[in-house]
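All residue numbers in this chain count up from 1 along the given sequence.
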Amino acid sequence: MSSRPPAPPASAWRVLAVALTLVLVLVLAAGLWAHWRSLSDDDAARLGARATVASVRTGLHPDPSVLPDAVLADQEAAFGPAATPSQARHLEARGTGAPPSSLADAAARLEDVARTSPNGELAATAASVAASWWAVEPPPAGADPTARRTEESEAGSGAGSPAASKVPTEEGDGEDTDDDAASSCEPAQLAAVTALDRARFTAEAAAARIPADAAQRGTMDAVTDTLDATLREPAVTPMLSCDPAPVAGGHVLPAGFAEDPTRAVGGTLREASAALVSAVGASSPEDRDWLLTGLLETAVTAQHLDPEHPVPALPGRD
């Protein structure tokens, strides 16, 4: 008799061959799907924002003493991984447009992502990077944000605290229904309102310590007026009825206020910027207009009042 083991049944080889064929088909199918699948709007927005940061790094070369490359690298990484070859082809097919012509132009592109993206995380990241760039190079229309909305501030109802805007001028005017007020009490937005109110309170306190004829007094008065206008935005006034109310009669002044009131105001404005970025991420696109306007104003003014402070890479996100 032969000592050789019996050969395996032919059916076992057939099963193995079929299994290997199926694996090969699945691998090929996955490769084809990755190659041909469409690019989602969310991925396109994310990758477009990442490409904007890359263009700033490689094309605009901002002053490294103000905006170091390490900061730009962190901002680029915040938008996730780079495009795959397939995604790059789809982006090219969509049309990427010309690279940004300035840092302000690049910030405007990210502001558009922050305003329109249904993805809250992406919107908040775009708003955060835009705020960082606004601090370095304000847009032409916002180069002096404390001078904006002067007429709106003068036309605001009441004086002093923004809570005066809740007072009706005639029957039914200025009142919100309970449902409207409840729908406006989103925690992140309330936190942003509180941060803005604290910055306004600190600016008022700083103005009181500066002689009326000093140049800085006019700056502080303008900061207060701008924050008052923000807190009287139609989107904000319903929040003043929330319980607990986001504004207060007074706040604890920040550390260092007695030594340098101007720098202390800049610090509270940076805190407000961070709170506004968080609120952008927690809000729907239709609720972000006032948040982004406030973010522009606080980011630019904070850096103006405290230019020695390093420009934050990702305010509200780090």
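At least one side-chain heavy atom of Leu296 sits under 4.5 Å from a side-chain heavy atom of Pro139. Put simply, the side chain of Val56 reaches to within 4.5 Å of the side chain of Pro62, judged on heavy atoms. Between Thr116 and Pro285, the closest side-chain pair of non-hydrogen atoms is not below 4.5 Å. For the pair Ser55 and Leu60, the minimum side-chain heavy-atom distance is 4.5 Å or more. Using a 4.5 Å heavy-atom cutoff, the side chains of Val53 and Trp133 are in contact. Side-chain contact check for Phe201 versus Thr268: every heavy-atom pair is 4.5 Å or farther apart.
For the pair Thr301 (side chain) and Glu297 (backbone), a donor-acceptor distance under 3.5 Å is present. Formation of a donor-acceptor pair under 3.5 Å by the Arg263 side chain with backbone atoms of Asp306 is not found in this model. Side chain of Arg198 to backbone of Val247: no donor-acceptor contact under 3.5 angstrom is found. For the pair Arg46 (side chain) and Phe79 (backbone), a donor-acceptor distance under 3.5 Å is present. A distance-only check finds a donor-acceptor pair linking the side chain of Ser132 to the backbone of Pro312 [under 3.5 Å].
Hydrophobic cluster membership differs between Val129 and Val300, with clusters built from Ile, Leu, Val, Met, Phe, Trp and Tyr side chains linked at under 4.5 angstrom. Cluster membership for Trp290 and Leu269, using ILVMFWY side-chain heavy atoms within less than 4.5 angstrom, is shared. Hydrophobic clustering, with ILVMFWY side chains joined whenever heavy atoms are under 4.5 angstrom apart, groups Leu314 together with Val113. By the rule that hydrophobic residues join a cluster once side-chain heavy atoms approach within less than 4.5 Å of another member, Leu110 and Val277 end up as members of separate clusters.
Taking all atoms of both residues into account, the shortest heavy-atom contact from Pro261 to Arg209 is CG-NE, 3.8 Å. Of all heavy-atom pairs spanning Ala275 and Ala191, the tightest one is CB-O, 4.1 Å. The two residues Thr194 and Pro246 come nearest to each other via the heavy atoms OG1-O, 2.7 Å. Between Ala83 and Ala88 the shortest heavy-atom distance is CB-N, 4.0 Å. Ala114 and Ala126 get closest at one heavy-atom pair: N-CB, 3.9 Å. In this structure, Pro234 and Pro238 approach most closely via the heavy-atom pair O-CD, 3.1 Å.
Judged as a side chain to side chain contact (heavy atoms under 4.5 Å, CB included), and not counting sequence neighbours, the contacts of Thr262 are Gln216, Met220, Asp260, Leu305.
A salt bridge between Asp221 and Arg217 is present, with a side-chain N of the basic residue lying under 4.0 Å from a carboxylate O of the acidic one. The pair Asp112-Arg109 fails the salt-bridge criterion, with no side-chain N (NZ, NE, NH1 or NH2) lying under 4.0 Å from an Asp/Glu carboxylate O. Here Glu121 pairs with Arg317 in a salt bridge; the nearest charged N to carboxylate O distance falls below 4.0 Å.
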List the steps, then state whether side chain to side chain contact (heavy atoms under 4.5 Å, CB included) holds for Val66 with Val311.
CA-CA 7 Å; Val66 179; Val311 173; 4.0 Å; yes
Walk me through whether Glu186 and Leu190 qualify under side chain to side chain contact (heavy atoms under 4.5 Å, CB included).
CA-CA 6 Å; Glu186 199 284 318; Leu190 292 179; 6.0 Å; no
Begin with the C-alpha distance, continue with both residues' side-chain angles, and end with the deciding distance and a verdict on side chain to side chain contact (heavy atoms under 4.5 Å, CB included) for Thr202 and His251.
CA-CA 8 Å; Thr202 307; His251 296 272; 5.9 Å; no
Check the pair Ser128 / Val280 against side chain to side chain contact (heavy atoms under 4.5 Å, CB included), numbers first and verdict last.
CA-CA 9 Å; Ser128 179; Val280 166; over 6 Å; no
Evaluate the side chain to side chain donor-acceptor pair (under 3.5 Å) criterion for residues Trp134 and Glu111: first the C-alpha distance (whole Å), next the side-chain angles of each, then the deciding distance (0.1 Å), finally the verdict.
CA-CA 10 Å; Trp134 282 328; Glu111 180 190 11; 5.1 Å; no
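Here the straight-line distance linking atom CD of Gln189 with atom CZ of Arg288 works out to 10.0 Å at 0.5 Å rounding. Gln75 CD to Asp69 CG: the interatomic distance, rounded to the nearest 0.5 Å, is 10.5 Å. Note that CG of Asp43 and CG of Leu122 are 9.5 Å apart. Values are rounded to the nearest 0.5 Å. In this structure, CG in Leu291 is found 9.0 Å from CG in Leu196, a value given to the nearest 0.5 Å. Rounding to the nearest 0.5 Å gives a distance of 10.5 Å between CG of Leu67 and CD of Glu137. Atom-to-atom distance recorded for Leu276:CG and Leu292:CG is 8.5 Å, nearest 0.5 angstrom.
Between Asp287 and Ser284, the side chains place a donor N or O and an acceptor N or O closer than 3.5 Å (distance only, hydrogens not considered). Looking at Asp63 and Ser65, their side chains do bring a donor and an acceptor atom within 3.5 Å of each other.
Between Gln303 and the options Glu308, Arg270, His309, a side-chain hydrogen bond (donor to acceptor under 3.5 Å, both in side chains) holds for only Arg270.
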